[in-house]
Structure formats: structure tokens, C-alpha cells
Amino acid sequence: MARFAAESVRRWRNSPLHREVDSRSARWVWKVVLGLALALAPFAVYLVQNMSFVETSYALEDLRSQETRLQEAERRYRIEKAVQEALPAVEARSGRELGLTRPPAGHVVVVAPGDLARPAAR
């Protein structure tokens, strides 16, 4: 046997509540928000400056390492150039690549530096 509860008389309605905006309270909230923003502004400027400093220091470190790599490469190229410009290497390369040979001793002509300034006789 099911018994249903008797419907009670309701004295209230489920309707939305409309409240007026309290301007004093809203002004106080805006003052607090503005005060916090003004208080945090120097900290934000500090953070921006600090990040700029960090970025610059990373860029300097990168440039220093790049300079070190370039100096090492330049040193290796100087050594390689000196090896290739050495007369024994030039003679060996000319014989190997161009097929040049040493002239016989009878064909060698030695010219003095003073003779280079005079015009050649015909």
C-alpha cells in the first residue's frame, strides 16, 4: 500500500533574484585592482629588464663561442695554406698535376735582380 504525501502549500516561488549593483562596493573593488596593478608595475618593468639582460648575455655567449670556432678554423686554414705553399709541396703537385719535370742543369738560367729592371735586348 503506497501512501503519497499530501502536497504541502508552498509559500515561495523559484524565480531569479535581481540585485542592484552596489556602486560603493564596485568602486572599492576597482580601487583595489588599480592599486595592485600600480604596485606590480615596477616588478613587471624589472622582469622585462632582467629578461632583456639574460637574452643579451646568451647572445654574447653564443657570439663568443662562434668567435672561438672561427679562430680555430682560421688557424687550421693557415696551417693548411702554409703546407700547400711550401716549395716541396708545390714542386710535387706541379709534377703530379701538370706533368712538369725539373730542367737539366744546363738549361737553368739565373737572373740577378738588377737585370730585371733593364729592358730585354732584341
Side-chain angles (χ1 to χ4, degrees):
M1 297 196 190
R3 256 179 101 181
F4 294 102
E7 188 175 330
S8 64
V9 178
R10 285 200 244 166
R11 297 182 191 165
W12 52 271
R13 269 193 265 162
N14 195 8
S15 61
L17 180 64
H18 295 285
R19 293 176 53 183
E20 292 182 19
V21 176
D22 185 11
S23 60
R24 253 189 329 178
S25 193
R27 240 183 280 133
W28 181 81
V29 169
W30 279 110
K31 285 179 185 177
V32 168
V33 169
L34 184 63
L36 284 174
L38 287 175
L40 292 178
F43 182 67
V45 170
Y46 165 76
L47 283 179
V48 169
Q49 289 292 335
N50 198 15
M51 290 308 298
S52 173
F53 173 76
V54 168
E55 287 176 0
T56 304
S57 66
Y58 280 141
L60 282 173
E61 185 178 322
D62 185 41
L63 288 173
R64 285 186 183 128
S65 66
Q66 185 179 2
E67 179 186 21
T68 304
R69 286 192 310 269
L70 289 173
Q71 286 174 347
E72 179 63 26
E74 179 185 13
R75 187 187 64 78
R76 283 195 314 263
Y77 288 139
R78 277 188 191 164
I79 292 171
E80 186 178 334
K81 180 182 175 189
V83 167
Q84 288 181 356
E85 287 179 348
L87 288 180
V90 170
E91 288 178 358
R93 197 169 54 242
S94 65
R96 188 175 55 244
E97 293 175 5
L98 300 174
L100 299 177
T101 58
R102 287 186 164 271
H107 288 81
V108 176
V109 177
V110 179
V111 179
D115 294 340
L116 293 176
R118 290 187 310 194
R122 293 187 180 201

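Just so it is clear, the structure is predicted and the values come from calculations on it, not from any experiment.
- Atom-to-atom distance recorded for Arg27:CZ and Trp30:CH2 is 13.5 Å, nearest 0.5 angstrom.
- For the atom pair Asp62 CG and Ser57 OG, the distance stands at 11.5 Å (nearest 0.5 Å).
- Rounded to the nearest 0.5 angstrom, Glu80 CD and Glu85 CD are separated by 11.0 Å.
- The only member of Leu38, Val32, Leu34 that meets side chain to side chain contact (heavy atoms under 4.5 Å, CB included) when paired with Leu36 is Val32.
- The shortest heavy-atom contact between Val83 and Ala89 is O-CB, 3.3 Å.
- A distance of 11.0 Å separates CD in Glu74 from CD1 in Ile79, rounded to the nearest 0.5 Å.
- Both Trp28 and Val33 are part of a single hydrophobic cluster, where members link through side-chain heavy atoms under 4.5 Å apart.
- The residues Glu61 and Arg64 are annotated as not salt-bridged, no charged nitrogen and carboxylate oxygen being separated by less than 4.0 angstrom.
- Here the OG atom belonging to Ser65 is positioned 11.0 Å from the CG atom belonging to Leu60, to the nearest 0.5 angstrom.
- Once rounded to the nearest 0.5 Å, the distance linking CD of Glu91 with CZ of Arg102 reads 4.5 Å.
- Side-chain atoms of Arg78 and Arg75, non-hydrogen and from C-beta on, never get closer than 4.5 Å to each other.
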